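Positions are given from 1, in the same order as the sequence printed here. Being a predicted model, the structure only gives us computed values, none of them experimental. In what follows, every heavy atom counts, from backbone to side chain, and hydrogens, waters and symmetry copies are set aside.
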Amino acid sequence: MKIIMLGAPGAGKGTQAKMIAEKYSIPHVSTGDIFRANIKNGTDLGKEAKSYMDKGELVPDELTVRILLDRVAQEDCKNGYVLDGFPRTIPQAEVLQSELNKQGTDVDFAINVDVPDENIIKRMSGRRACVTCGATYHIEHVPPKTEGICDKCGSELILRDDDKEETVKNRLSVYHDQTQPLIDFYSAKGVLKNVDGTVDMMDVFNAITNILG
Ligand code: ADP
Ligand code: ADP
Ligand code: ZN
């Protein structure tokens with residue numbers, strides 16, 4: 001099963017993608033996580049990506065597409081995957097599409113997690129991310145058992161540099177300009193499914209599993 005998560009930054013794509021990956025035994029592929037791992041390890045890719053991410057801008061398509069195609073070519077992606085944060089532009093979606101066509105396969109579902117802009121800013125200021133394993137929490141909605149500490153691995157939780165309010169505003173405007181058009185792209189292909197992302201995360205997940213079967 002090949003699934004794409006669509007939605008604004010902070011809509012809950014990562015939260016849902018992790019649960020989908022577990023339930024359907026497919027890898028969770030997040031371009032944001034790949035970039036952050038590279039930043040942490042000080043790679044050249046990480047240095048380049050960081051210069052865009054810190055401003056709330058998109059990493060250029062050419063670089064992003066290369067990273068993503070490398071990742072989905074790996075053995076564990078053979079039976080499908082859930083893409084979180086990719087594609088984010090029409091050219092990215094077109095490259096993915098032509099790659100899948102070459103392999104005689106296709107996207108099965110594009111799930112749009114719908115959350116209005118008003119809710120996003122609040123969500124992001126409360127988001128906390130694990131520096132080691134990438135798990136995400138929310139200080140009000142999804143608190144860790146011990147404040148500031150990851151439940152899964154015991155590492156420190158941080159507010160991402162790009163989750164500061166000014167950067168979030170820029171990311172939202174980039175989302176509306178460049179990513180939202182993908183809703184029409186996947187709708188035209190007949191694979192778009194909308195879910196209400198403003199409800200409790202388990203209710204969002206139930207709506208998604210009803211769609212995926
Ligand atoms: P969020 O989970 O809040 O949507 P991500 O972790 O997916 O954020 O992405 C963080 C940043 O990484 C983005 O703001 C962008 O700079 C970069 N990024 C991630 N995925 C892509 C992509 N597909 N194309 C371009 N840039 C990307
Ligand atoms: P995205 O990957 O789309 O950027 P995340 O999954 O990281 O979004 O979620 C953004 C923030 O909102 C996180 O702090 C997360 O814990 C929280 N969150 C996720 N889903 C919900 C929900 N249904 N209700 C309230 N908060 C949520
Ligand atoms: Zn952790």
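- In the hydrophobic cluster analysis, where Ile, Leu, Val, Met, Phe, Trp and Tyr join through side-chain heavy atoms closer than 4.5 angstrom, Tyr137 is grouped apart from Met202.
- Taking each heavy atom of Thr31 and Gly85 in turn, the nearest pair found is OG1-O, 3.1 Å.
- Lys2 has no carboxylate O lying under 4.0 Å from a charged side-chain N of Asp106, or vice versa, which leaves the two without a salt bridge.
- Here Leu172 contributes atom CG and Ile120 contributes atom CD1; the two are 6.0 Å apart, rounded to the nearest 0.5 Å.
- Under the 4.5 Å side-chain heavy-atom criterion for ILVMFWY residues, a single connected hydrophobic cluster contains both Val191 and Phe185.
- Side chains of Leu45 and Glu48 form no contact here, defined as non-hydrogen atoms less than 4.5 Å apart.
- Considering CG of Leu68 and CD1 of Ile34, their distance stands at 7.0 Å, rounded to 0.5 Å.
- Cluster annotation: Leu69 and Met5 are assigned to distinct hydrophobic clusters (Ile/Leu/Val/Met/Phe/Trp/Tyr, side-chain heavy-atom contacts under 4.5 Å, transitive).
- Residues forming a side chain to side chain contact (heavy atoms under 4.5 Å, CB included) with Leu192 (at least two apart in sequence, or on another chain): Leu6, Ala110, Asn112, Ile183, Tyr186, Ser187, Asn194.
- Smallest separation of non-hydrogen atoms from Ala11 and Val113: O-CG1, 3.3 Å.
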Under the criterion side-chain contact (heavy atoms from CB on, under 4.5 Å), I'd like the reasoning laid out for Cys77 against Val29: C-alpha separation, chi angles, the key distance, then a yes or no. CA-CA 9 Å; Cys77 288; Val29 175; 4.3 Å; yes

Test side-chain contact (heavy atoms from CB on, under 4.5 Å) on Arg171 and Asp163 and set out the steps. CA-CA 9 Å; Arg171 287 163 66 196; Asp163 278 352; 2.8 Å; yes

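- In summary, Lys169 and Glu165 engage in a salt bridge, as defined by a charged side-chain N under 4.0 Å from a carboxylate O.
- Side-chain atoms of Lys40 come within 3.5 Å of backbone N or O of Val131 as a donor-acceptor pair.
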For a quick test of your reading: what N or O donor-acceptor pairs under 3.5 Å do the side chains of residues 140-156 make, sequence neighbours left out?
residue : atom : partner : partner atom : Å
Asp151  : OD1  : Lys145  : N            : 2.8
Ser155  : OG   : Thr132  : OG1          : 2.7

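- Two residues are said to be in side-chain contact when any heavy atoms from C-beta on lie closer than 4.5 Å; His176 and Asp117 meet this criterion.
- Here the straight-line distance linking atom OG of Ser98 with atom CD of Gln103 works out to 10.0 Å at 0.5 Å rounding.
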Validation: residues 14-26 side-chain donor-acceptor distances under 3.5 Å, sequence neighbours left out:
residue : atom : partner : partner atom : Å
Gln16   : OE1  : Phe205  : N            : 3.4
Gln16   : NE2  : Met201  : O            : 3.1
Tyr24   : OH   : Gly213  : O            : 2.8

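- Partners of Asp70 according to the side chain to side chain contact (heavy atoms under 4.5 Å, CB included) rule, which considers only residues two or more places apart in sequence or in another chain, do not exist here.
- Summarising the geometry of Asp196 relative to Val199, their closest heavy-atom pair is O-CG2, 3.6 Å, with the distance given to 0.1 Å.
- Phe35 and Leu159 fall into different hydrophobic clusters, where Ile, Leu, Val, Met, Phe, Trp and Tyr are joined by side-chain heavy atoms under 4.5 Å apart, directly or via other members.
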Show your reasoning for whether side-chain contact (heavy atoms from CB on, under 4.5 Å) applies to Asn170 and Glu57. CA-CA 7 Å; Asn170 194 32; Glu57 287 167 12; 4.2 Å; yes

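- No donor-acceptor contact under 3.5 angstrom links the side chains of Thr43 and Asn41, judged on distance only.
- Cluster partners of Leu58, using a side-chain heavy-atom cutoff of under 4.5 Å among ILVMFWY residues and allowing indirect links, are Val174.
- Rounding to the nearest 0.5 angstrom, the gap separating the CG atom in Asn210 from the NZ atom in Lys193 is 11.5 Å.
- Pairs engaging residues 76-91 under the side-chain hydrogen bond (donor to acceptor under 3.5 Å, both in side chains) rule: His28-Asp84, Asp61-Thr89, Arg71-Asp76, Glu75-Lys78 [sequence neighbours left out].
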Using the side-chain contact (heavy atoms from CB on, under 4.5 Å) rule, take Met124 and Arg160 through it: C-alpha gap first, then chi angles, then the decisive distance, then the call. CA-CA 9 Å; Met124 304 299 250; Arg160 272 167 46 181; 5.9 Å; no

